[in-house]
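One structure below.
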Amino acid sequence: MAKVTLENVTKRYPGGVVAVRDASFEVRDREFVVLVGPSGCGKSTLLRMVAGLEEISEGRVLIDDLVVNKVPPKDRDIAMVFQNYALYPHMSVYENMAFGLRMRKFTRNEIDHRVKEAAAILGIGEFLSRKPKALSGGQRQRVAVGRAIVRHPKVFLFDEPLSNLDAKLRVQMRAELSGLHRRLNATMIYVTHDQTEAMTMGDRIVVLKDGFIQQIDDPLKLYDRPANTFVAGFIGSPAINLIPGALTGPPWVFDAPGLQASLPESLTHGLALTGGTPVILGIRPEDIASGDGGGAPLDVVLEVVEPMGHETYLHFDLGSVRMTARQVGAGHYRVAERVRVTLLLSKAHLFDPSTGSALRS
Ligand code: ADP
């Protein structure tokens with residue numbers, strides 16, 4: 001298997017769009033790295049540069065220790081799975097998987113061995129003689145992955161491979177691909193706009209916005225210590241509440257329309273703060289409890305109630321900020337009801353409003 005290194009990679013498309021700006025990171029041998037961000041952030045471009053499908057404007061891409069900037073895709077020893085599986089409709093499943101190997105002049109025996117091995121791994125052995133149109137979406141998706149597996153590539157690249165599947169199948173295929181990663185022990189780079197996919201599948205996640213890398217971390221670090229308001233807002237669902245306000249003190253108090261709250265020492269410890277500093281306080285919906293205790297109490301009027309069964313989302317206004325709280329269970333809340341909630345401030349995050357960056361000691 002292999003590692004992939006990006007050194008100061010930039011992509012400028014003709015016409016002036018800079019899709020990726022100065023990206024540097026390493027995908028370690030056997031690691032599953034997810035590139036995630038909203039549509040247009042440059043994640044597909046980044047993946048396609050690793051694949052060799054887009055020219056690199058500046059910087060270098062290395063596979064193991066070889067600079068591949070000028071190496072054609074077919075010689076990079078990578079396999080890519082696309083969103084629209086791109087199966088050949090007139091070929092059987094077997095032929096779809098065998099095709100690339102035939103082009104590379106593998107022996108008939110080796111091809112047969114590899115196709116059957118991949119089919120067994122993916123549970124599609126019984127469909128080998130079918131044409132793609134006689135398969136379900138999930139089965140087609142497995143054939144597309146099978147076509148990559150038979151190549152025994154150094155690196156697997158996935159470009160939104162689950163976006164065409166319905167929600168339930170997506171969840172199932174997500175787990176299957178994670179299992180496949182463990183089983184093949186392969187280096188994988190996976191592109192998605194879906195933060196849940198990123199969080200559940202990635203060993204590490206690269207968060208992108210407007211072509212810039214925002215943060216590279218493992219899933220729980222991204223959740224617990226987001227580098228800025230963008231990452232904080234992108235990771236986690238429903239999204240974190242971001243309340244603009246100011247600090248007074250010491251002792252430090254967060255002041256915002258409708259809220260005056262003493263901040264726990266654990267939140268401000270080691271920060272270089274001055275009184276009157278504008279800050280954004282971030283608090284996740286799951287860190288707002290119902291009732292009293294352990295934080296800053298607030299009496300609020302519910303504007304929207306979303307019962308999910310196992311949990312309930314409560315929406316209310318704090319000054320001009322629409323807030324969301326996530327409560328476990330059904331709760332039987334009503335719109336326009338007045339309820340007490342508590343912001344668990346020991347779990348809050350502080351950001352600098354001028355840069356969006358997290359305040360760090
Ligand atoms: P993502 O995969 O995150 O949705 P892309 O990498 O596809 O984003 O695109 C990043 C930016 O580059 C977008 O602004 C997009 O419009 C632009 N872009 C993508 N492909 C081309 C192209 N072939 N020519 C010009 N601009 C492009």
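Counting convention: from 1, in listed order, for ligands and their atoms alike.
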Around atom 18 (N) of ligand 1, find the nearest protein heavy atom and jot down its residue, atom name and distance. Tyr13 CE1, 3.3 Å
Take atom CZ in Arg225; do more than 12 heavy atoms of anything else shown fall under 6.0 Å from it? no
Quick check on Pro38 - does any of its heavy atoms sit under 4.0 Å from an atom of ligand 1? yes
For the residue pair Asp352 / Ser354, report whether a side-chain donor-acceptor contact shorter than 3.5 Å exists. yes
Treating Asp64 as the side-chain partner and Ala2 as the backbone partner, does any N or O pair qualify as donor plus acceptor under 3.5 Å? no
Does ligand 1 have any atom sitting under 4.0 Å from a heavy atom of Gly15? no
Would you call Gly37 a ligand 1 contact, heavy-atom distance under 4.0 Å? no
Step by step, would you call Asp255 with Gln260 a side chain to side chain donor-acceptor pair (under 3.5 Å)? CA-CA 5 Å; Asp255 247 318; Gln260 235 198 7; 3.2 Å; yes
Near Cys41 (heavy-atom distance under 4.0 Å), the atoms of ligand 1 are 1 (P), 3 (O), 8 (O)
Does the protein come close to atom 9 (O) of ligand 1 - that is, does one of its heavy atoms sit below 4.0 Å from that atom? yes
Main-chain N/O of Pro89 paired with Lys131 side-chain donor or acceptor, under 3.5 Å: no
among protein heavy atoms, the one nearest atom 17 (C) of ligand 1 is Val17 CG1, 3.8 Å
Within the side chain of Gln195, is there an N or O that forms a donor-acceptor pair under 3.5 Å with the backbone of Gly236? yes
Numbered atoms of ligand 1 (with element) below 4.0 Å of Ala19, judged on heavy atoms: 10 (C), 11 (C), 12 (O)
Look at atom CZ of Arg360 and say whether more than 12 heavy atoms of other residues, nucleotides or ligands are closer to it than 6.0 Å. yes
In the protein, what heavy atom is nearest to atom 4 (O) of ligand 1, and what distance, to one decimal place, separates them? Gly40 N, 2.7 Å
So which of Leu46, Leu66, Leu6, Val67 actually passes side chain to side chain contact (heavy atoms under 4.5 Å, CB included) with Val61? Leu6
Counting only heavy atoms, which portion of Thr45 has something under 4.0 Å from ligand 1: side chain, backbone, both, or neither? both
Identity and separation of the nearest protein heavy atom to atom 2 (O) of ligand 1: Ser44 OG, 2.7 Å
Polar side-chain atom of Arg170 near backbone of Leu165 as donor-acceptor pair, under 3.5 Å: yes
Within the structure, does at least one protein heavy atom fall under 4.0 Å of atom 27 (C) of ligand 1? yes
Would Gly42 count as a polar contact of ligand 1, with the cut-off being nitrogen or oxygen pairs under 3.5 Å? yes
